[in-house]
Amino acid sequence: MTFIPKYNLIEELKWRGLLHDTFPGTEDLLNKEQVSGYVGFDPTADSLHVGNLVPIILLKHLQSAGHKPYALVGGATGLVGDPSGKSSERNLLDKEALLYNQACIKKQLEKFLDFGAKENAAEMLNNYDWFGTIGFLDFIREVGKHISVNYMMAKDSVKNRLENGMSFTEFSYQLIQGYDFAHLYKNKNCKLQMGGSDQWGNITTGTELIRRMHGGEAYALTSPLVTKADGTKFGKSEAGNVWLDPSKTSPYAFYQFWLNVSDVDAEKFIKIFTFLERNTIESLIEEHQKEPHLRKLQKVLAKELCCLVHSEEDYEMAIKASDVFFGNSGAEELLALGKLPFVQAVEGMPKSTLINRVEGFPILDLLSTDTTIFASKGEARKMILAGGLSINKRKATDPNHVITKEDLIFEEYLLVQKGKKNYFLVHFQ
RNA sequence: GGGGAGAUACUCAAGCGGCCAACGAGGGCGGACUGUAAAUCCGCUGAUUACAUCUUCGCAGGUUCGAAUCCUGCUCUCCCCA
């Protein structure tokens, strides 16, 4: 039976800016047979974040080109800790947290791939399943014997750490990850490992192991690190990491993250993060350049990602809330939003909870003493006098105002707005 | 070991007896404009009960009606000669 890929994966990834490097022969392999490929995800947190989207997208492309994707949760590798890109030794996570993280990540990954496909259903793996039972002695006899320390020391991830030191634990990481690849090669006929460019060293240790242990040929494909034009780190908002878990980063905040991408980055990101076709993207870019103020690219980008990671309903809600928070609408529209969408939109905002008092809160105390919205009363006062503070979308003008029940929205909230886009929520109980 | 220069607010950097909560620049925050952008312009940027008061200019003392500014000691930094 001859295999014909749905499309040339390498070509596709190339124009999208998702290709950094490949092993020689990878393209030929992908064009002549159905390939099983995998990506590993570290359970360092209880949720994936936007930075993990790239490897997820690689898997999706692999699957839609007709190949078979494996998503590997690093239950074992997480116990050790990948030194790649780290300048110092990290603390080990405790086993319970890791188990919890693995479960969370597994659940998230399940959303993105098709596990019911006939020809090339995705599969989920956890490397703890094969590492958990290997003893240390067996491992160093059967695996360690094939790789020289000299070879391991030559990797950037190790070299960069020789000055400041590195534990044996982290040093051996590449062997563990390398063995994953060898194990999957042997047991799942998995010939391809994908990942970020920082994984190159770990991946090549894997292909080397496969050659020495099984006399086989394996392949690799990496994507570049996602960068922003202004040089700041991708994947962070003012509130910190942008997570895929809606309880850690609300769909509204997630939508906002993509909407606020700069013009230059939007052109780049729409290729990387969406599955829109080439001509669709090209005409979108053209439209955007003609009428940049409409920010069509950002809107499409935010929509696609919001729908991919969350849902259409979440997207609709995010748009509604965005209109209220950033459009020209005022206090009336805020009320008209209704309590439920309001609560969803304010999720992820800096928040303070206060016990309601009958006599009310002098506004300056509320802003600086009862909450940490301002560092001092003086600052809060100046902001009010400068016209930079709104309460529930209504400009505050009187620094001596006392907040009482009448000021609350939906009877329990106070939406404090500092400047244009800094919102804080005060919840009264 | 000898000689010299310096330490000022988030950073750089003026000030050298009262007019100093301390010039100016950068950064940060806010306002106007705009695309929830960039650029530009304007304002704020020690605290407080804001008329006014209080605590700040490496640290500790001293002189003086009055000190970031003068004197003494200490700590630290930089430079030059051995």
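Since the structure is predicted, the reported quantities are computational estimates derived from the model, not experimental observations. Chain naming here is simple, since letters A, B, ... match the order of the sequence lines and numbering starts at 1 in each.
Using atom C1' as the reference point in both rA22(B) and rA37(B), the two lie 37 Å apart (nearest Å). If you take atom P in rC71(B) and the same atom in rG24(B), they sit 29 Å apart, rounded to whole Å. Spacing between rA25(B) and rU45(B) at atom C1', rounded to whole Å, works out to 14 Å. rG58(B) and rC33(B) have their P atoms separated by 44 Å, given to the nearest Å. Separation of the P atoms belonging to rU69(B) and rG18(B) is 11 Å when rounded to the nearest angstrom. Taking atom P on both nucleotides, rA13(B) is separated from rA7(B) by 10 Å, rounded to a whole Å. Nucleotides rU48(B) and rA39(B) are separated by 39 Å at their C1' atoms, to the nearest Å. A distance of about 45 Å separates the P atoms of rC42(B) and rG61(B), rounded to the whole Å.
Going from atom CD1 of I373(A) over to atom CG of L414(A) covers 8.0 Å, rounded to the nearest 0.5 Å.
A sub-4.0 Å separation between OP1 or OP2 of rA37(B) and a side-chain N or O of K299(A) is absent. For the pair R295(A) and rA37(B), the criterion of a side-chain N or O lying under 4.0 Å from OP1 or OP2 is not met. Contact annotation: S322(A) does not reach the phosphate of rU36(B) (side-chain N/O to OP1 or OP2, under 4.0 Å). When the side-chain nitrogen and oxygen atoms of K382(A) are compared with OP1 and OP2 of rG30(B), none of them lie within a distance under 4.0 Å.
Summarising the geometry, the separation between CG on L389(A) and P on rC44(B) is reported as 19 Å, rounded to the nearest angstrom. Here the C1' atom of nucleotide rU49(B) and the CG atom of L364(A) are 11 Å apart, to the nearest Å. One can place CG of D263(A) at 17 Å from P of rU34(B), the figure rounded to the nearest angstrom. Spacing between atom CZ of F257(A) and atom P of rU36(B) amounts to 19 Å, rounded to whole angstrom units. With rounding to whole Å, Q289(A) atom CD is found 15 Å from rA37(B) atom C1'. Distance Q298(A) CD to rA37(B) C1': 8 Å, rounded to the nearest Å. Distance K420(A) NZ to rG30(B) C1': 10 Å, rounded to the nearest Å. rC29(B) atom P lies 11 Å from atom CZ of F424(A), rounded to whole Å.
When the nucleotides rC29(B), rU48(B), rU45(B) are ranked by their closest atom to the side chain of N422(A), rC29(B) comes out on top. Comparing rU36(B), rG35(B), rA47(B) against the side chain of H293(A) picks out rG35(B) as the nearest. Taking every side-chain heavy atom of A386(A) into account, rG30(B) is the closest of rU36(B), rG30(B), rA47(B). Side chain of R381(A), nearest nucleotide from rU49(B), rU36(B), rC33(B): rU49(B). Distances from the side chain of M383(A) to the nucleotides rG35(B), rA50(B), rG30(B) place rG30(B) closest. Nearest nucleotide to the K377(A) side chain, out of rU49(B), rA47(B), rU36(B): rU49(B).
Contact annotation for G378(A): base contact, defined as any heavy-atom pair under 4.0 Å involving a base atom. Residue-level contact check: S262(A) touches neither bases nor backbone, having no heavy atom under 4.0 Å from any strand.
Between the side chains of T207(A) and Y185(A), no donor-acceptor pair of N or O atoms lies under 3.5 Å. Q108(A) and S47(A) are linked by a side-chain donor-acceptor pair at a separation below 3.5 angstrom, with hydrogens and angles left out of the test. With 3.5 Å as the limit, one finds no donor-acceptor pair spanning the side chains of Q177(A) and N127(A). Counting only N and O atoms by type, the side chains of E304(A) and T274(A) include no donor and acceptor under 3.5 Å apart.
A salt bridge does not link E333(A) with K393(A): every distance from a Lys NZ or Arg NE/NH1/NH2 to an Asp or Glu carboxylate oxygen is 4.0 Å or more.
Judged by Watson-Crick or G-U wobble contacts below 3.5 Å, the nucleotide rC29(B) has rG43(B) as its partner.
Between H427(A) and F410(A), the gap from one ring centroid to the other reaches at least 6.0 Å.
For a distance-only test at 3.5 Å, the side chain of E379(A) fails to qualify as a donor-acceptor partner of the base of rU45(B).
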